[in-house]
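In the text below, chain A, chain B and the rest are named by the order of the sequence lines, each starting its count at 1. None of these values were measured; they are calculated from a predicted model.
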There are 2 protein chains.
Amino acid sequence: MSVSVVSVAERAGVSVSTVSRALRGIPGIAESTRKRVQDAAEELGYVASPSASRLATGRTRTIAVVVPLLSKWFFAEVIAAAGRVLSREGYDVLLTELSTPALRAEFFASPRLHGRSDGALVVALQLAPEEFAALEAQGQAVALVGSERTGASSVQVEDRAGGLAATRHLVNLGHERIAFIGIQELPGSPLGGVPPAERLLGYRDALAGAGLPPDPELELGVENTVDDGVAAMASLLTRADPPTAVVAASDELAFGALSTLRGAGLDVPRDVSIVGYDNHELARAVGLTTIDHGVADQGRLAAEALVATLAGQPAAVGRLEPRLVVRGTTAPPRRLRAGSS
Amino acid sequence: MSVSVVSVAERAGVSVSTVSRALRGIPGIAESTRKRVQDAAEELGYVASPSASRLATGRTRTIAVVVPLLSKWFFAEVIAAAGRVLSREGYDVLLTELSTPALRAEFFASPRLHGRSDGALVVALQLAPEEFAALEAQGQAVALVGSERTGASSVQVEDRAGGLAATRHLVNLGHERIAFIGIQELPGSPLGGVPPAERLLGYRDALAGAGLPPDPELELGVENTVDDGVAAMASLLTRADPPTAVVAASDELAFGALSTLRGAGLDVPRDVSIVGYDNHELARAVGLTTIDHGVADQGRLAAEALVATLAGQPAAVGRLEPRLVVRGTTAPPRRLRAGSS
DNA sequence: CTGAAAGCGCTTACAG
DNA sequence: CTGAAAGCGCTTACAG
């Protein structure tokens, strides 16, 4: 509070304008002067007041990171990766969690970011046009993870290709009855935001490509939680003709499904194969075959795009290729291994 | 940018001082005036510039949340709970992740919070005296999760009681060879911060209380990751006289241990029992017996304490009682069930 | 290369 | 109950 530009200026024997310019590395300052100012600042332990420079420049050097939910691995991972980029680039990270419809509505109804951040990094939320407009009206540059909009930077995953790869892997192993546990947004749920349709479409593509008839009975849509994965798998097991393999639209759903299968005394992958989607932190330990969609990359790329935008570059659109990671939860169906075990 | 107090003042036909007071609900303003000002502000879509009021008041109404790592369930959960409180109380959340020793050193060496936040909520980091002093020198009120220090608010868990409860549960089931997979901070690791000693002491207490001799061979210390849990359990299995039960100092270690046991063809809990520590989001699906230490509560209470401190209340120290959650990974040892299965 | 001065948009004693 | 004015601590044309 005590040490301001004025004290530094006095100590260095220059004007405050010179202090300001010297400390920010602005060209057109004699090196000797700059040195003197820097020394004075150091000796006094001076650090510019962020509020004052924000007020003077109109820029906050802050990015708001907006997520539906914090305590999910996917979001935490995206934020962490984005945060590292932002902090390296000298931006503060303002964290905003919109975990209920009420919070979301309130957030977009009032100009909560106005003057607080220069840009918003919106993760997973599928913004309504008014919501997007509200951000722009608050002077925010916008970068999107998991959605797309003209005029904004975005990072998306080729989820249809991911769904295809997951399913094709099972098809190639010889499976013919393959279920899909998809993500269905319940009204008011903060969990998702993932465009579920794409992964499902990829699943259907793979079946069609293999000449396998689609079976609506095998397509489930639930909330993206472990518990719903448990329930979905339980429901599949009650079918007259249960699937021999399952594609889950997230690893958490897959974890739940695995838990149900074990509880039912079934062996994975001998009795049932499972492919997840995420390459969750725990997928390796569980030995889950899954789709890696570069979660950290999504955060990193979006942050980089946003920083570039604020530096005057045009908006950038990135698309990530998902990648199949084969581990231990997939194998040929029993039928093809008769007598072999 | 365009709409400032001045425009509101003009529209309402009052002075800027009156606008400022009316909008902030300060008493001593005629209700009719306040109404007129509020209407004018609303019509103009006015919202006060945070930078300007921060500069004028010297308070930022921002809390810095400082964590070693974001993408771990524990930290994300704590942040989420704290964030909800802070945001409800009108505070912005400035997120800071110190995921490497270099970042940590840099953070505490420069006054990075100065003028950016009114307080710091420090999670899990065991602050050195200079680090704590650095925060105070930057004018930060401090609240600690998982550590303690005179003059600061803090929330801690009775981890010794937790370790005791976990181990006693196994003792009560009849186990006599019980291993402990503890958390050992590697130099430079950002994962921990959890004071590992406490949980270990509780484990020893329980053994002593049951008259079981301590066996250093059964006390392991590893990094708090699933992979290290995998390795630790593997190492235990190679012992000449392997344990019949394991207490893991975190659920992630327990997940790793479970994975090893399954991979080795052993049944849990028939062959080996396991107790974790955290009540991690996935513990329920896995059916893991564990210790619930109110992770969200830790974040919530620390945030409440910090807010109270900033409102002039004295620092508060909270201690949480951990609670055993019995699920499916614990049972009596084989020995006691001879012929029963 | 450097300085004097205005301005960013608030808040808050002080006076009335 | 309300207003005029100073002040918070920077940055940035403008002049020299």
Side-chain angles (χ1 to χ4, degrees), chain A residues 1-38 40-41 44-62 90 92 111 113-118 138-139, chain B residues 1-38 40-41 44-62 90 92 111 113-118 138-139:
Chain A
M1 35 202 70
S2 36
V3 205
S4 76
V5 254
V6 177
S7 0
V8 179
E10 281 169 359
R11 179 160 196 128
V14 297
S15 72
V16 295
S17 342
T18 299
V19 171
S20 175
R21 287 188 281 246
L23 258 24
R24 284 177 305 140
I26 285 174
I29 290 276
E31 263 323 306
S32 59
T33 307
R34 190 188 304 277
K35 179 80 170 68
R36 198 142 35 89
V37 171
Q38 282 168 340
L44 294 170
Y46 169 76
V47 46
S49 151
S51 307
S53 42
R54 286 169 188 182
L55 178 59
T57 62
R59 325 195 71 243
T60 62
R61 292 211 64 98
T62 297
D92 283 350
L113 258 30
H114 179 264
R116 285 172 206 280
S117 54
D118 302 333
Q138 293 173 57
Chain B
M1 36 204 72
S2 35
V3 205
S4 76
V5 254
V6 177
S7 359
V8 179
E10 282 169 356
R11 179 158 196 131
V14 297
S15 72
V16 296
S17 341
T18 300
V19 170
S20 175
R21 288 189 280 247
L23 258 25
R24 285 178 304 140
I26 286 175
I29 291 275
E31 263 321 307
S32 59
T33 308
R34 191 188 302 277
K35 180 81 171 68
R36 200 143 33 89
V37 172
Q38 281 169 341
L44 294 170
Y46 168 77
V47 47
S49 152
S51 308
S53 40
R54 286 169 188 183
L55 178 57
T57 62
R59 325 194 71 244
T60 61
R61 292 212 64 98
T62 297
D92 283 350
L113 258 28
H114 178 264
R116 285 172 206 281
S117 53
D118 302 333
Q138 294 174 54

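Taking only side-chain nitrogens and oxygens, B/S49 never comes nearer than 4.0 Å to OP1 or OP2 of C/dC10. Dashed line: the shortest gap from a side-chain N or O of A/S51 to OP1 or OP2 of D/dC8 is not under 4.0 Å.
The side chain of A/A52 sits closest to D/dC10 out of C/dC10, D/dC10, D/dT2. If you check D/dG3, C/dC8, D/dT12 against the side chain of B/S15, the one that comes closest is D/dG3. Listed nucleotides D/dG7, D/dG3, D/dT2 differ in distance to B/A30; the shortest reach to its side chain belongs to D/dT2. Between C/dC10, C/dT2, C/dC8, one nucleotide has an atom nearer to the side chain of A/L55 than all others, and that is C/dC8. Of the candidate nucleotides C/dC10, C/dT2, D/dC10, C/dC10 has the atom nearest to the side chain of B/S53. Looking at the side chain of A/R24, the nearest of the listed nucleotides C/dT2, D/dG3, D/dT11 is D/dT11. Comparing D/dC10, C/dT11, D/dA4 against the side chain of B/S17 picks out D/dA4 as the nearest.
Looking only at side-chain heavy atoms (C-beta outward), B/T60 and B/R116 stay at 4.5 Å or farther from each other. Here the side chains of B/V37 and B/R11 are not in contact, with every heavy-atom distance at 4.5 Å or above. Counting heavy atoms from C-beta outward, B/R34 and B/T18 have side chains that stay 4.5 Å or more apart.
As judged by a 4.0 angstrom heavy-atom cut-off over every strand, B/V6 is placed among residues making no nucleic acid contact.
Two residues, B/T57 and B/T33, neighbour DNA chain D, and the one matched to the more 5' nucleotide by heavy-atom proximity is B/T33. In terms of position along DNA chain D, the nucleotide closest to B/G13 lies nearer the 5' end than the nucleotide closest to the other residue of the pair B/A56 and B/G13.
Distance, B/L23 CG to C/dC10 C1': 12 Å, rounded to whole Å. For the pair A/Y46 OH and D/dG9 C1', the computed distance is 7 Å after rounding to whole Å. The CD1 atom of A/I29 sits 13 Å away from the C1' atom of D/dT12 (whole-angstrom rounding).
No hydrogens or angles considered: a donor-acceptor pair under 3.5 Å links the side chains of A/R24 and A/S20.
Checking C/dA15 for Watson-Crick or G-U wobble geometry (two distances, each under 3.5 Å) identifies D/dT2 as its partner.
On a pure distance criterion of 3.5 Å, a polar donor-acceptor pair joins the side chain of A/R21 and the base of C/dG3.
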Candidate pair B/D92 and B/R61, rule side chain to side chain contact (heavy atoms under 4.5 Å, CB included), full reasoning: CA-CA 6 Å; B/D92 283 350; B/R61 292 212 64 98; over 6 Å; no
